[in-house]
Amino acid sequence: MLPVVVVHGGAGHIPKERSELSTSGVTSAVRAGYAVLRGGGSSMDAVVEAVTYLENNPAFNAGCGSVLNVKGDVEMDAFVMEGKTLGSGAVSAVRNIANPIQLARLVMDKTSHLCLTAEGAKQFARSMGVPEVPQESLITEYSRMRWRKNLAPDANPVECQMGKMG
Amino acid sequence: TVGAVAVDSQGNVACATSTGGILNKMEGRVGDTPCIGCGGYADNMVGAVSTTGHGEAIMKVVLAKHILYQMEQGQSVEAASDLGLACMKFRAAGLGGVITVDPQGHWAARFSSRQMAWAAAQKDTLHYGLYEGE
């Protein structure tokens, strides 16, 4: 068996001018995750490290750089699972958290539940000492531009994000 | 959406997926990412998957678990990933991508969308791509 880390930065349409950002982002993240494995860390430690890297990179749609909902707000979802015990944790519709993936891991490690949502997830984050961040710190000019563009009555947000079906 | 899957030196697999969702979604919309078996799944008996793409379609076919089921039936990580994506395309009219590993360290990065940024590290070698075939 050969230890390995694989990451993705999202499927869909990636404009040419952002392709370099995407490639450098995923290679940095996979290096970070692999360094954890080489240091003796677990596969769970590695995937959380890699995804934290991607959440902190504004080129990707998670954490900083998340797309906006119809009101122009950030609502994020995250999930972790480990294969030895089928342990898992998730959060949905969370706001004002820099790294939802770390909160999902806390749900797995510190509760008997699988998923916490919205205000309940925020309360749990507070109880765990996870710092809140201003929403503005998660919003990029690029995500705001795409939000404005997709407010048009004839816009197709799914096609805009995923591309046309072949 | 972003995600990761890994196998460690003990043969334990894990997955992680995180997302801001779909552009201009309704307030309160929850996609596939936090739904077990959809945005990801990990089982030491079979492997681990993280998914990305059209969340509603991913949920309709329970994509991550669907791929692991194909692997349980004897498919390789590549073939199982392709079968899962094909099922999503033809049954739920959705595009997306997946990264998959098995406990032996075999891995795949496959997508039905035009592009997906991905990277893999194994045996101190880095692999990456953006377009089909890379």
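As the structure is a prediction and not an experimental result, all values here were calculated from the model. Labels below follow one simple rule: chain letters A, B, ... track the order of the sequence lines, proteins then strands, and each chain is numbered from 1.
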**Student:** Between Tyr34(A) and Lys123(B), is there a donor-acceptor pair closer than 3.5 Å when you use the side chain of the first and the backbone of the second?
**Tutor:**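 Such a contact is found between Tyr34(A) side chain and Lys123(B) backbone.
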**Student:** Mind ranking Ser113(B), Ala117(B), Ala108(B) by heavy-atom pairs under 4.5 Å with chain A and telling me who comes out on top?
**Tutor:** Ala117(B)
**Student:** Out of curiosity, Thr33(B) OG1 to Ile101(A) CD1, how far, rounded to the nearest 0.5 Å?
**Tutor:** 9.0 Å
**Student:** Around atom CZ of Arg126(A), are there more than 12 heavy atoms of other residues, nucleotides or ligands at under 6.0 Å?
**Tutor:** yes
**Student:** How long is the gap from NZ on Lys25(B) to CD on Gln161(A), to the nearest 0.5 Å?
**Tutor:** 9.5 Å
**Student:** Is any side-chain heavy atom of Met81(A) less than 4.5 Å from a side-chain heavy atom of Ile36(B)?
**Tutor:**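 Counting from C-beta outward, Met81(A) and Ile36(B) do come under 4.5 Å.
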**Student:** What part of Val101(B) is in contact with chain A, defined as an atom under 4.5 angstrom from a non-hydrogen atom: side chain, backbone, both or neither?
**Tutor:**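 The side chain, not the backbone.
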**Student:** Grab the two heavy atoms, one from Gly10(A) and one from Thr52(B), that are nearest each other, plus how far apart they are.
**Tutor:** CA-OG1, 3.4 Å
**Student:** Of all the heavy-atom pairs spanning Ile14(A) and Leu130(B), show the shortest one and how long it is.
**Tutor:**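 Heavy atoms of Ile14(A) and Leu130(B) come nearest at CD1-CD1, 3.4 Å.
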**Student:** If I take atom CG from residue Asn24(B) and atom CG from residue Asn150(A), how far apart are they, to the nearest 0.5 angstrom?
**Tutor:** 4.5 Å
**Student:** Measure distances from Arg31(A) to the heavy atoms of chain B and classify the residue's part below 4.5 Å as side chain, backbone, both or neither.
**Tutor:** side chain
**Student:** Is Val2(B) reachable from Val80(A) through a run of hydrophobic residues whose side-chain heavy atoms are each under 4.5 Å from the next?
**Tutor:** yes
**Student:** Closer than 3.5 angstrom, by distance alone: can the side chain of Asn61(A) be matched with the main-chain N or O of Gly20(B) as a donor-acceptor pair?
**Tutor:** yes
**Student:** Are Asn69(A) and Arg29(B) packed together at the side-chain level, in the sense that at least one heavy-atom pair is separated by less than 4.5 angstrom?
**Tutor:** no
**Student:** Relative to chain B, which of Ser88(A), Ala78(A), Cys160(A) shows the most heavy atom pairs under 4.5 Å?
**Tutor:**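 Highest number of heavy-atom pairs under 4.5 Å: Ala78(A).
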**Student:** Which atoms of Val94(A) are under 4.5 Å from chain B, going by heavy atoms: the side chain, the backbone, both sets, or neither?
**Tutor:** neither
**Student:** Is any side-chain heavy atom of Gln10(B) closer than 4.5 Å to one of Lys84(A)?
**Tutor:** no
**Student:** Could you tell me whether a side-chain N or O of Glu82(A) sits under 3.5 Å from a main-chain N or O of Asn12(B), the two making a donor and an acceptor?
**Tutor:**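 No; zero donor-acceptor contacts below 3.5 Å.
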**Student:** In terms of heavy-atom proximity below 4.5 Å to chain A, should Thr51(B) be classed as side chain, backbone, both, or neither?
**Tutor:** backbone
**Student:** So which of Pro3(A), Ser66(A), Gly33(A), Ser43(A) has the biggest tally of heavy-atom pairs under 4.5 Å with chain B?
**Tutor:** Ser43(A)
**Student:** Side chains of Phe79(A) and Cys15(B): does their closest heavy-atom pair fall under 4.5 Å?
**Tutor:**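 Heavy-atom side-chain distance check passes, below 4.5 Å.
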**Student:** At a heavy-atom separation under 4.5 Å, does Ala50(A) approach chain B through its side chain, its backbone, both, or neither?
**Tutor:** side chain
**Student:** Just wondering, do Asp124(B) and Arg38(A) contact through their side chains at under 4.5 Å, heavy atoms?
**Tutor:**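 Yes, side chains in contact.
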**Student:** Other residues, nucleotides and ligands only: do more than 12 of their heavy atoms fall within 6.0 Å of OH on Tyr142(A)?
**Tutor:**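 Above 12, so yes.
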**Student:** Can you measure from OG (Ser22(A)) to CD (Gln115(B)) and round to the nearest 0.5 angstrom?
**Tutor:** 8.5 Å
**Student:** Taking the side chain as C-beta and beyond, is there a heavy-atom pair between Val67(A) and Ile22(B) under 4.5 Å?
**Tutor:**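 Side-chain contact under 4.5 Å: no.
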**Student:** Treating Ile, Leu, Val, Met, Phe, Trp and Tyr as nodes and any side-chain heavy-atom pair under 4.5 angstrom as an edge, say whether Val47(A) and Tyr53(A) lie in one connected cluster.
**Tutor:** no
**Student:** Is there a donor-acceptor contact under 3.5 Å from the side chain of Glu75(A) to the main chain of Val30(B)?
**Tutor:** no
**Student:** With rounding to the nearest 0.5 angstrom, report the OG1 to CH2 distance, Thr27(A) to Trp118(B).
**Tutor:**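 With rounding to 0.5 Å, OG1 (Thr27(A)) is 11.5 Å from CH2 (Trp118(B)).
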**Student:** Is chain A contacted by the side chain of Ala48(B), its backbone, both, or neither, given a heavy-atom distance below 4.5 Å?
**Tutor:**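 Neither part.
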**Student:** Among Gly31(B), Cys35(B), Ala42(B), who wins on heavy-atom pairs under 4.5 Å with chain A?
**Tutor:**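 Between Gly31(B), Cys35(B), Ala42(B), the count favours Ala42(B).
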**Student:** Just wondering, do Thr17(B) and Val51(A) contact through their side chains at under 4.5 Å, heavy atoms?
**Tutor:**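 In short, these two side chains do not touch, never coming nearer than 4.5 Å.
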**Student:** Just give me the residue among Ala16(B), Gly11(B), Gly97(B) that pairs up with chain A most often, heavy atom to heavy atom, under 4.5 Å.
**Tutor:**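 Looking at each of Ala16(B), Gly11(B), Gly97(B) in turn, Ala16(B) comes out on top.
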**Student:** Can you measure from CG (Leu23(B)) to CE (Met162(A)) and round to the nearest 0.5 angstrom?
**Tutor:**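 Between Leu23(B) CG and Met162(A) CE, I get 11.0 Å after rounding to 0.5 Å.
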**Student:** Show the nearest heavy-atom pair for residues His8(A) and Met116(B), with the distance to one decimal.
**Tutor:** CB-SD, 4.0 Å
**Student:** By a 4.5 Å heavy-atom criterion (distance strictly below it), what part of Arg95(A) contacts chain B: side chain, backbone, both, or neither?
**Tutor:**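 Contact with chain B is through the side chain of Arg95(A) alone.
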**Student:** Treat each ILVMFWY residue as a node, draw an edge where side-chain heavy atoms are under 4.5 Å apart, and state whether Tyr128(B) and Val30(A) are in one component.
**Tutor:** yes
**Student:** Is there a donor-acceptor contact under 3.5 Å from the side chain of Ser18(B) to the main chain of Ala62(A)?
**Tutor:**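 Pair absent, no side-chain N/O of Ser18(B) close to backbone of Ala62(A).
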